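Since the model is a prediction, treat every value here as computed from it, not as a measurement. Quick note on labels: first sequence line is chain A, next is B, and so on, each numbered from 1.
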Amino acid sequence: MDAHDPLLASLNPEQRTAVLALHGPVLMVAGAGSGKTRAITHRIAMLIREGVAPSAILAVTFTNKAAREMRARVEQLVGRGGVRVGTFHGFCASFLREEFPVIGRSGDFTIYDESDSVALMKKVLAEMKLDPTQNRPADLLRSIGRWKDKFLTPAEAVQASTFGSEAVAARAYVLFDAMMLKANACSFDDLMVQALRLLLDHEVVRQRWQRRITHVLVDEFQDTNPIQYALVRTLSAATGNLCVTGDQDQSIYSWRGADPSNFDNFLSDHPTARIVKLEQNYRSSANILGAASRLIAHNKRRIPKTLRTEAAPGEPVRVVVFNDDQEEAAAVADSAQRAVQEGADPNEIAVFYRTNSLSLPVERALMARGVRYRVVGGLEFFARAEVKDLIAWLRWMVNRQDTVSFERIINTPPRGLGDTAVERMEALALERGMALPQLAANAAALATLPERTRKSALAFCKLIGVLEASFQEGRGVRPFAEELLEQTGYSGWWATKATKAGSLDPFGNIGQFLTLAAEFDSTRGGTLADFLADISLLTDLDRTVDDGPAVNLMTLHTSKGLEFDHVFIVGVDYSILPHVWAELESRDDEEERRLLHVGMTRARERLVLCAAQLRSRFGQTVVTGPSALLDELGRDGVERFGDEAPRRDPRPFRQRWRDADGDEWAGIDAPVGDDDDEAHPLAQLREGSRVFHADWGCGEVTGLRGAARGLDRKVVVLFDGNQRRTLILRHSGLTLLD
DNA sequence: CCCTGCTAATCCACG
DNA sequence: ATTAGCAGGG
């Protein structure tokens, strides 16, 4: 091959092999920072140069962001677009929008996110007459999700589950899916389940897509679940042109059904597959790579792999243990600020953490120093009430069967159609054999309602008429959204409400949403349904416009696939990493180790790992201390500060205890026997007792709360001077005055 | 029917 | 520490 070929010149021999293996099954094992994206994009460019139509190439990435980057790089290489690059969810959504009519469903379905699904699950529970506190909707949805990951139908799940809570979940699954169908909605899991079912059950569809797509590439293959693998396997079955890329050491999504044994399945399904290994690391300093490699070597179930580097050792990896999370946050913020002052690009600085809640102290510390930052990922924006309201209105305009959205908007803003009114309308709808939304849009049918309800319902009905009249496809999403905000009276209502709640900029999020709509109108364009399908699959990560230089904050999971010059990882604490819940789910620590490994290998030049002895949790301070994983980094090229303390004994942090009354509660230590506590002077404290506190003075106990017993209860005190405080009795420092 | 104030639950990760 | 959900008064 020609070494001067621009598509090959910049590649090492391993990468060239990957690029040149154009047809047939290929497994690319690519360690962190080994130039995998480069190999994939050059491979796509090569395919196009060899005459494959761009639209016949499907590249599946893990995030929208990765998809955008890959698309841009391919376009830059070949000078033209058209390659199908997207996430599994994105591909399936557009597939279903086109193919649902084959089975008589509308392509204008609504994609339900987690909170929408919870709302629907609550209706399911109501129908089943189950108590939502006993059967938590989110738990049921998780069970259903696991069945869906395994491609089990509701009927099959019922058959497979005889045991108590599992049987309840299976019955909920049956009803939930029926209601989803009625609402013409799909959950994130459904997108893949329905797409695969269509492909498998309908030969016409299958052949259409197998002809349409001749080459399939999958990135982050270690994080695919069985359904996703079945999807790409089916799509590529006719040609066998399936190229998967991944690294088992970066498998961090087993909790959503990802199955690393897909690697083995791929090889047994494709015996002729070519295996290419990329083991040259181009990203990190030798010290960073060394520490990360020593860490991951502690995993037992792993094919040993060694990443090479030609980089200099660089500065040492630093491990710092602080007294508490405040100190930790302050130190990280100081260090980031100093780096910026010394000329570093803030965009090249990142702070990672295991759980989203850990971002808060860091955010405050950065804010206090005036350092600009952005929180990457998450759903904060799309979870805002006003954004959800507006989306619900738009959704319902497209899909009148969407009950979850309907119930959100029927009385938003308030128009006298509260719970009782809606119940009455539901009853009437049932009587008339109509769907509720249908009824709401039908003036004649509403005539029999009681005076007040009827008036409100008719007004709503009229409003729908006005909105329908002003809705014209092609005029753009933004103008319609603006009109909707006015016609429904939402703008005025929200302004008063938000101002009362103390918001300085009540239209901030709505404005951002409108900008998003305007962007859609001016770039991609399309119907309102297209727009809704797009934004349903977006996270805040994708909404981030170029907002200038800022330090990046994100979870370790979100960091996958990214790289930064400076990386700080906070909260490498006992009970946080490995996270205790991972233990409770009887998952071993290997995935948690991989998670830290992923975070570490994002760093190019500078890596700092932080832990704290004390950390605030639910507003209270708990003892944590450095994680045992920090011992596995070795000494070579690693500098430690404040990390001499012995590790805590590995007792699960969230140990469950049962008290004398049989009530279960969670805590660090075993409950102190009631016998000991009985003797304590505060044990006599009752509602109405007079008490004294060193900081707050005298006061009166107005209540005792919480599931705990004895001195572990919370006590509410109204101090003289009208200050109300809630304290844990044992640590309250109160003196009983009576 | 709407608003207020109190209570209980929350925080493991993602599209 | 924050917030969603609920009971009781206007």
| query | Which of residues 552-560 of chain A have a heavy atom under 4.0 Å from DNA chain B? | reply | A:Thr555, A:His557, A:Thr558
| note | Residue set satisfying side chain to side chain donor-acceptor pair (under 3.5 Å) with A:Gln194, at least two apart, ordered chain then number -> none
Atom pairs under 3.5 Å, N or O on each side, protein against nucleotides 8-10 of chain C: can you list them with distances?
none

Between N or O atoms, less than 3.5 Å apart, protein on one side and nucleotides 2-7 of chain C on the other: list the pairs.
residue : atom : partner  : partner atom : Å
C:dT2   : OP1  : A:Arg364 : NH2          : 3.4
C:dG5   : OP1  : A:Lys122 : NZ           : 3.0

| query | Which residues pass the side-chain contact (heavy atoms from CB on, under 4.5 Å) test with A:Ala529, sequence neighbours left out? | reply | A:Arg97, A:Asp108, A:Val398, A:Thr527
| query | At under 4.0 Å between heavy atoms, what does A:Asn411 touch on the DNA or RNA strands: base, sugar-phosphate, or nothing? | reply | sugar-phosphate
| query | Considering only B:dA13, C:dA1, B:dC14, which nucleotide approaches the side chain of A:Tyr253 most closely? | reply | B:dC14
| Which of the following nucleotides, B:dT10, B:dC2, B:dA13, is nearest to the side chain of A:Pro414? | B:dC2
| query | In chain order, what residues pass the salt bridge (Lys or Arg N to Asp or Glu O under 4.0 Å) check against A:Asp402, with sequence neighbours excluded? | reply | none
| remark: A:Ser357 meets the side chain to side chain donor-acceptor pair (under 3.5 Å) criterion, sequence neighbours left out, with A:Thr355
| Which residues share a salt bridge (Lys or Arg N to Asp or Glu O under 4.0 Å) with A:Asp139, sequence neighbours left out | A:Arg136, A:Arg142
| message | A:Glu114: which residues meet the salt bridge (Lys or Arg N to Asp or Glu O under 4.0 Å) condition with it, sequence neighbours left out? | response | none
| task | Not counting sequence neighbours, which residues clear side chain to side chain donor-acceptor pair (under 3.5 Å) with A:Thr555? List them please. | result | A:Thr558
| request: Would you please name every residue forming a side chain to side chain donor-acceptor pair (under 3.5 Å) with A:Thr245, sequence neighbours left out? | output: none
| Short N-O contact, A:Lys65 and A:Glu69, less than 4.0 angstrom | yes
| query | Mind checking what makes salt bridge (Lys or Arg N to Asp or Glu O under 4.0 Å) contact with A:Asp149, not counting sequence neighbours? | reply | none
